[in-house]
Chemist: 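Structure in structure tokens, see below.
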Amino acid sequence: MNNEEFLSRQTNDPSFENIWQEMQWRGLIQVSTDEAKLEEALSGDPINYYCGFDPTAASLHLGHLVQLLVLRRLQLAGHHPVALVGGATGLIGDPRQTSERSLNTRDTVEGWVDSLRSQIEHYLSFDGDNGATMVNNLDWTGGLSALDFLRDIGKHFRVGTMVRKEIVASRLDSDEGISYTEFSYQVLQGMDFMELYRRHNVTLQTGGSDQWGNLTSGTELVRKVEGEHVHAIGTPLITNADGTKFGKSEGNAIWLNPEMCSPYTFYQFWLNTADADVVERLKVFTFLSRAEIAEYEQKVVDEPFRREAQRRLAWEVTSLVHGEDQTQRAIDASAALFGRGDLESIDVTTLHAAGAELPSAEQSDLGERMTIIDLLVATGLEKSKSSARRTVGDGGAYLNNTKIEDPEHIFTATDALHNKYFVVRRGRRNLGFIDLDSASN
RNA sequence: GGCAGAUUACCCAAGCGGCCAACGGGGGCUGACUGUAAAUCAGCUGGCAUUGCCUUCACAGGUUCGAAUCCUGUAUCUGCCA
């Protein structure tokens, strides 16, 4: 199944009067410009709209996925998406709440632009009347001189307004302050909206509500320069009900790039969604209809132990990002490793395939003496021997589903499953895999 | 450019010459309990050859038997003044 085929199976829910209503229901609109006018615009003839993605890493993450899905939902409603990659803004970096960013080199950013671009293409259709358009804001800023920038663009921005933007104000208020570079970011993003309005008649920008200051910077500029009222939608920040940060697993970001986050890890992330969050996640991250989601909502209440909502969520999102084949492999691996059955009873082929999905190590990564400490560190489950020792002391170390309490005990191939595999576990659900065979051949 | 203050582990934040691998909180990890959920309670949270040793309190030097703590210089940040 190619990508266009996969995309063609996605639909908006026809039970909604229009896409605005559906997005409201899915909780995708935290703030926006004039609601009534926006709803009208989105219910009428196709409009052109955009969302920007800055290359600040080699891959997009789950926060970006929300935006990509918003783009896709609007495209399904007949509108024309423009996906912007921030080749220019990525060189500057938008101000973060916490601290000043360190600048990345031009080469690095250029490389990230390419990888982001290919990731974005996966989520939008490029066929038909409203096929997506890709742009890079370096195209209109790269050749712009500082003087032209200050005269033509800067003149439209009031420092008083810029300083009052929430993110700028809070940074000014912090110990660290803010550099002129990051302070200027909002001007660049405002300029993007104006350029896209001129070049592609773009009249709506979507983005995270944390970007609201930058979004309105664009609508204001277009109004001042072009005399046109254009729109902006800010999506809510996705948060976990228990107050932890969404989109992190073991402190690592969940990336969309399979090299940086395996489909297995990705699947597990979604499967571990809390009951309190799962319905909201289904609304935001899947194309399931209102009726279907209502059914899952009931199941969470009636039979939470079945975790059907979580399973469906994990299936849908993993398939969307990694494809159905990869998802099925992640499920098979999960079933083998978390299943009730004895690990001994799993056949070699299944075990081998499951192991491939886990962080793994080979004989060559290990010394002669294999203790549980060595195995935990070799698989990356623990980052130091001290830490591994603590875990053993806590009673959280397992080898082939057996708790290991002696940190000095030496294991050999005869302890391994089928004489060659070790399944190492830290805690309830962090697994690693060791294949003793792969070193010998 | 001048003056003053700040810089402690993932984050916030104590410490003001030995009792400091460094209080406390947050976060994180593990255990009990469970549904690969949440809540609650408990333990842990620099490294290693783990009853001991090593490296950490912005960076580089210095004083001292001994420094996160005192001195000098450098960097960065903040405030006030120019």
Side-chain angles (χ1 to χ4, degrees), chain A residues 95-103 169-183 239-253 264-282 296-297 299-315 318 330-341 343 354 357-358 367-369 371-374 376-377 380-398 401 403-408 410 423-432:
Chain A
R96 284 180 300 184
Q97 198 74 242
T98 46
S99 62
E100 188 83 11
R101 292 174 185 272
S102 50
L103 294 174
S170 73
R171 277 284 294 280
L172 279 172
D173 220 28
S174 75
D175 286 348
E176 193 162 2
I178 184 168
S179 68
Y180 184 70
T181 307
E182 290 192 2
F183 176 61
T239 54
N240 292 338
D242 59 14
T244 56
K245 264 197 179 152
F246 168 74
K248 296 270 165 90
S249 165
E250 294 278 309
N252 301 313
Y264 169 82
T265 304
F266 192 87
Y267 179 83
Q268 284 289 323
F269 169 81
W270 292 102
L271 190 63
N272 281 310
T273 302
D275 291 358
D277 293 319
V278 70
V279 172
E280 181 197 310
R281 297 293 130 83
L282 285 168
Y296 282 109
E297 188 165 14
K299 285 179 185 172
V300 174
V301 175
D302 292 344
E303 34 187 22
F305 51 90
R306 289 190 188 281
R307 306 173 62 74
E308 284 197 38
Q310 279 89 342
R311 281 177 217 287
R312 183 64 188 270
L313 175 69
W315 164 263
T318 313
I331 292 174
D332 292 344
S334 302
L337 297 163
F338 283 102
R340 301 214 177 278
L343 283 175
E357 304 296 324
L358 299 173
E368 285 303 301
R369 297 173 72 253
T371 65
I372 186 67
I373 306 288
D374 299 318
L376 283 165
V377 173
L381 251 34
E382 293 285 2
K383 61 181 190 298
S384 74
K385 290 189 182 181
S386 298
S387 164
R389 251 169 225 283
R390 266 178 236 124
T391 297
V392 174
D394 287 341
Y398 296 81
N401 271 356
K403 183 186 279 193
I404 306 300
E405 305 195 65
D406 178 5
E408 306 300 337
I410 294 166
V423 175
V424 193
R425 197 172 96 213
R426 193 197 81 223
R428 186 70 189 89
R429 58 182 193 231
N430 302 291
L431 293 159

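Note that the structure is a prediction, hence the values are computed from the model and not measured. Here is the naming used below: chain letters follow the sequence lines, and residue numbers restart at 1 for every chain.
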Chemist: Do you know which two heavy atoms are closest between Ala330(A) and Ser334(A), and how far apart they sit?
Modeler: O-OG, 2.7 Å
Chemist: Mind checking the P distance from A37(B) to U30(B)? Whole angstroms is fine.
Modeler: 11 Å
Chemist: May I have the distance from Phe305(A) (atom CZ) to A37(B) (atom P), rounded to whole angstrom?
Modeler: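 About 16 Å, once rounded to whole Å.
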Chemist: Take atom CD of Glu182(A) and atom C1' of C77(B), then tell me their distance rounded to the nearest Å.
Modeler: 14 Å
Chemist: Return the minimal non-hydrogen interatomic distance between Glu382(A) and Ser387(A), and the atom names on each side.
Modeler: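 Heavy atoms of Glu382(A) and Ser387(A) come nearest at OE1-OG, 2.5 Å.
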Chemist: Nearest 0.5 Å please: distance from the CD atom of Glu280(A) over to the CG atom of Leu282(A).
Modeler: 10.0 Å
Chemist: Out of Leu358(A), Asn430(A), Leu381(A), Val377(A), which one pairs with Val424(A) under the side-chain contact (heavy atoms from CB on, under 4.5 Å) rule?
Modeler: Leu381(A)
Chemist: Looking only at side chains, do Asp374(A) and Thr371(A) share a donor and an acceptor under 3.5 Å apart?
Modeler: yes
Chemist: In whole Å, what is the span from the NZ atom of Lys403(A) to the P atom of G31(B)?
Modeler: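 Answer to the nearest Å: 7 Å.
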Chemist: Check whether any side-chain heavy atom of Lys299(A) lies under 4.5 Å from a side-chain heavy atom of Arg306(A), and answer yes or no.
Modeler: no
Chemist: How does each nucleotide of nucleotides 47-58 of chain B score, in 5' to 3' order, for protein heavy atoms under 4.0 Å: base (B), sugar-phosphate only (S), or none (-)?
Modeler: SBSB--------
Chemist: Hey, could you give me the CD/OH distance between Glu405(A) and Tyr398(A), rounded to the nearest 0.5 Å?
Modeler: 9.0 Å
Chemist: Tell me the interatomic distance from Tyr398(A), atom OH, to U30(B), atom P, rounded to whole angstroms.
Modeler: 10 Å
Chemist: Using atom CZ of Arg426(A) as one end and atom C1' of G31(B) as the other, report the distance to the nearest whole Å.
Modeler: 13 Å
Chemist: Which dot-bracket string fits RNA chain B when only Watson-Crick or G-U wobble pairs with both atom distances under 3.5 Å count, crossing pairs get [ ], and | stands for a partner on a different strand?
Modeler: ((((((((.[[[..)..(.....]]]((((((.......))))))(((...)))...[[[[[..)....]]]]]))))))).
Chemist: Using a cut-off of less than 4.0 Å, is there contact between a side-chain N or O of Arg428(A) and OP1 or OP2 of G35(B)?
Modeler: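 No.
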Chemist: Please report, rounded to the nearest Å, how far the C1' atom of U30(B) is from the CG atom of Asp394(A).
Modeler: 4 Å
Chemist: For Ala274(A), answer base if it contacts any base atom (sugar-phosphate contacts may also be present), sugar-phosphate if it contacts only those atoms, and nothing otherwise; contact means non-hydrogen atoms under 4.0 Å.
Modeler: sugar-phosphate
Chemist: Using the P atom on both, measure A67(B) against A21(B) and round to a whole Å.
Modeler: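 A67(B) and A21(B) have their P atoms separated by 12 Å.
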Chemist: Suppose you measure atom P in A13(B) against the same atom in G18(B); what distance do you get, rounded to whole Å?
Modeler: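 24 Å, rounded to whole Å.
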Chemist: Using the closest heavy atom to pick a nucleotide of RNA chain B for each, name whichever of Tyr267(A) or Gly396(A) lands nearer the 5' end.
Modeler: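 On the 5' side of the pair lies Gly396(A).
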Chemist: Taking the same atom, P, in U7(B) and in G15(B), what whole-Å distance lies between them?
Modeler: 11 Å
Chemist: For nucleotides A22(B) and C54(B), find the distance between their P atoms and express it as a whole number of Å.
Modeler: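 Nearest-Å result for A22(B) against C54(B) at atom P: 15 Å.
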Chemist: Taking the side chain of Arg307(A) as heavy atoms from C-beta outward, which of G31(B), G43(B), A37(B) is closest to it?
Modeler: A37(B)
Chemist: Rounding to the closest angstrom, what is the interatomic distance between A68(B) and U64(B) at atom C1'?
Modeler: 16 Å
Chemist: When rounded to the nearest Å, what value does the distance between C1' atoms of G17(B) and C57(B) take?
Modeler: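 Taking atom C1' in both G17(B) and C57(B), they lie 15 Å apart.
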Chemist: For Pro407(A) versus Arg389(A), what's the shortest heavy-atom pair and its separation?
Modeler: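 Taking Pro407(A) first and Arg389(A) second, the nearest heavy atoms are CB-NH1, 4.4 Å.
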Chemist: With side-chain contact (heavy atoms from CB on, under 4.5 Å) as the test, would you mind laying out the steps for Leu376(A) and Lys385(A) before giving the verdict?
Modeler: CA-CA 8 Å; Leu376(A) 283 165; Lys385(A) 290 189 182 181; over 6 Å; no
Chemist: Can you check the distance between U34(B) and G47(B), where both ends of the measurement are the P atom (answer in whole Å)?
Modeler: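 The answer is 33 Å between these two P atoms.
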Chemist: If I take atom CD in residue Glu303(A) and atom P in nucleotide U34(B), what distance separates them, rounded to the nearest angstrom?
Modeler: 20 Å
Chemist: Grab the CD-P distance between Glu382(A) and G46(B) for me, whole Å please.
Modeler: 13 Å
Chemist: Could you pull out the closest heavy-atom pair between Ala314(A) and Trp270(A), with the gap in Å?
Modeler: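 Answer, listing the atom of Ala314(A) first, then Trp270(A): CA-CB, 3.6 Å.
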